[in-house]
Amino acid sequence: MTIVFMFPGQSSRYPEMIEKLVSAHTLARATVERASEILDRDLVAHYRGASSLATNRDVQVGVFLANELHARVLASAGVVAQWSLGLSLGEYNHLVHIGTLAFETALRLVDARGRLYDEAVGGAMVSVFPVDAELVEQTIARLGLAERAGIGLYNSPRQQVISGDRAAVEQIVAALEEEVFLEATEIEPRIPMHAPVFAPTGVKLGAELARLDFSAATLPYVPNTRGEIIAQPSADLIRACLIEHVSQPVRWRASIEAVTARVENPIFVEVGPKSVLYNLFGRGWTPGARKRTDVAEGWPEHVQTIVKELLHAG
């Protein structure tokens, strides 16, 4: 069996996600204090209460940091992974895990990314379930809205996220509701991530990326926009993927299936504040598509126990 870390995106946030870990683990407190020095902000004090997530910058820094804290707590208990991938923002944790970005560099980059997102054009993101991607794509094309909205995240066979300018997203959702029974949930009220209208923000992020140095990857890279495994990514390729990442879809389903096709008996472990990625495995994924895949999630001590039991059983 092989452990595969899954780093979630910013939908996994909740106000106490940093405080909870800092209160329980000395290692987590030391990491947050170090992050505070890097960004010249008291993050221990900031991430307390609902107001801590008022801006997208705070959300991105908070989730990136929470993911990193979970990974470090797991590592301190001997739970490590030779494979990983990350959804949306989680790709930055993935880049740290595979060795291409130092934690300090990634933290500054995520902080800059969050500021750019706060300054960006408005829009919305709506999760739709249960519906396959083909029907959503056909509906967008039929309505002639491909330049204004699209599927921002291909999460699972039956769950997609539509992203773009609000009027277009609402029109697409309304058209789908006329065709099929649909559970539609707004997951982002202001920022149309992974949508065509967000391309100018990708250009601005590119200026930040141009100043960074990337190290050679020590583990495989699984970029969201490609949904494939790249063993030895160049710095230029990583920069290109991160720029594309802003306005092109997250191909999470393809990424998971690429890993399950390559890794024998993977144990997918969600390394972050909630269970969003773990729950996606129940959204229409068949056993055949996943092979024999065990999934662990949750609070670090819970994950430690599950992973060790699975490895011992294997």
Side-chain angles (χ1 to χ4, degrees), residues 3-81 84-115 117-118 212 215 218-219 269-278 296-308:
I3 297 173
V4 181
F5 280 172
M6 301 186 297
F7 295 104
Q10 62 187 59
S11 293
S12 292
R13 65 188 180 271
Y14 68 94
E16 300 82 14
M17 62 187 176
I18 301 294
E19 185 179 10
K20 187 175 181 181
L21 280 164
V22 166
S23 299
H25 298 281
T26 302
L27 173 61
R29 173 171 285 275
T31 302
V32 178
E33 289 174 348
R34 173 59 184 144
S36 298
E37 294 173 1
I38 294 166
L39 297 184
D40 194 24
R41 301 172 60 197
D42 187 346
L43 299 177
V44 175
H46 177 80
Y47 286 105
R48 290 176 180 158
S51 63
S52 65
L53 302 175
T55 69
N56 193 261
R57 177 193 182 197
D58 289 333
V59 171
Q60 292 204 35
V61 170
V63 173
F64 171 81
L65 191 53
N67 291 350
E68 178 68 16
L69 298 183
H70 277 78
R72 292 191 180 196
V73 171
L74 288 172
S76 71
V79 179
V80 295
S84 70
L85 68 169
L87 182 143
S88 193
L89 172 66
E91 184 160 321
Y92 289 80
N93 294 101
H94 169 51
L95 289 168
V96 173
H97 182 252
I98 68 174
T100 61
L101 281 178
F103 166 69
E104 294 80 2
T105 302
L107 179 63
R108 291 190 184 97
L109 179 58
V110 167
D111 186 57
R113 184 176 184 260
R115 290 198 307 271
Y117 278 35
D118 278 323
L212 300 183
S215 301
T218 58
L219 298 172
V269 179
E270 183 158 2
V271 184
K274 295 175 75 175
S275 307
V276 172
L277 303 183
Y278 168 77
E297 52 80 27
W299 188 242
E301 288 79 0
H302 176 57
V303 174
Q304 292 165 13
T305 301
I306 291 175
V307 171
K308 289 176 181 178

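All values reported here derive from a predicted model rather than from experimental measurement.
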Quiz prompt | Separation between CD1 of Ile98 and CG of Asn93, rounded to the nearest 0.5 Å | solution = 11.5 Å
Practice problem: Identify the heavy atoms of Thr31 and Arg72 that sit nearest to each other, and give their distance. | Solution: OG1-NH1, 3.3 Å
Quiz item: When rounded to the nearest 0.5 angstrom, what is the spacing between CD in Glu37 and CG in Asp42?
Solution: 11.0 Å
Self-check item: Atom of Glu270, atom of Tyr278 and distance for their closest heavy-atom approach
Solution: OE1-N, 2.7 Å
Practice problem: Could you tell me which residues satisfy side-chain contact (heavy atoms from CB on, under 4.5 Å) with Ile38, sequence neighbours excluded, listed by chain and number? | Solution: Arg34, Phe103, Glu104, Leu107, Arg108
Quiz item: Sub-3.5 Å donor-acceptor pair from the side chain of Ser23 to the main-chain atoms of Glu19, do we have one?
Solution: yes
Quiz item: Is the backbone of Arg41 close enough, under 3.5 Å, to the side chain of Ser36 for a donor and an acceptor to pair up by distance?
Solution: yes
Quiz item: So which heavy atom on Tyr47 is nearest to which on Gly62, and how close?
Solution: OH-N, 3.1 Å
Quiz item: Does Asp111 use its side chain to pair, donor to acceptor, with the backbone of Val61 at less than 3.5 Å?
Solution: no
Quiz item: For Val271, does its backbone N or O pair with a side-chain atom of His70 as donor and acceptor, under 3.5 Å?
Solution: no
Self-check item: Heavy-atom side-chain proximity of Leu87 to Leu277 below 4.5 angstrom
Solution: yes
Quiz item: Do you know the tightest heavy-atom contact between Ser52 and Pro15?
Solution: OG-O, 3.8 Å
Practice problem: Ignoring hydrogens and angles, tell me if any N or O in the side chain of Gln10 forms a donor-acceptor pair with the backbone of Val59 under 3.5 Å. | Solution: no
Exercise. Keeping the roles fixed (side chain from Ser84, backbone from Met6), state whether a donor-acceptor pair exists under 3.5 Å.
Key: no
Self-check item: Donor-acceptor pair, side chain of Ser12 and main chain of Lys274, under 3.5 angstrom
Solution: no
Quiz item: For Phe5, which residues count as a ring-ring contact (aromatic ring centres under 6.0 Å, His included) partner, sequence neighbours excluded?
Solution: His97
Quiz prompt | Under the salt bridge (Lys or Arg N to Asp or Glu O under 4.0 Å) test, residues paired with Arg48 that sit two or more places apart | solution = none
Quiz prompt | side-chain contact (heavy atoms from CB on, under 4.5 Å) evaluation trace for Met17 with Leu69 | solution = CA-CA 10 Å; Met17 62 187 176; Leu69 298 183; over 6 Å; no
Self-check item: Pairwise side-chain contact, Leu212 with Leu109, heavy-atom cut-off 4.5 Å (strictly under)
Solution: yes
Quiz item: Does a side-chain heavy-atom distance below 4.5 Å link Val4 with Leu85?
Solution: yes
Quiz item: Where the side chain of His94 meets the backbone of Gly90, is there a donor-acceptor pair that is under 3.5 Å apart?
Solution: no
Quiz prompt | Set of residues satisfying side-chain contact (heavy atoms from CB on, under 4.5 Å) with respect to Ser11, sequence neighbours excluded | solution = Ile187
Quiz item: Taking only residues two or more places apart in sequence or in another chain, which ones pass side-chain contact (heavy atoms from CB on, under 4.5 Å) with Thr55?
Solution: Arg57, Asp58, Asp118
Quiz item: Which heavy-atom pair separates Leu27 from Val73 by the least distance, and what is that distance?
Solution: CD2-N, 4.1 Å
Exercise. Search all heavy atoms of Val96 against all heavy atoms of Ala106 and return the closest pair with its distance.
Key: CG2-CB, 3.5 Å
Quiz prompt | Residue list, ring-ring contact (aromatic ring centres under 6.0 Å, His included) with Tyr117, at least two apart or on another chain | solution = Phe198
Self-check item: Nearest-0.5 Å distance, CG of residue Leu95 to OG of residue Ser215
Solution: 11.0 Å
Quiz item: Do the non-hydrogen side-chain atoms of Arg113 and Tyr92 ever get within less than 4.5 Å of each other?
Solution: yes
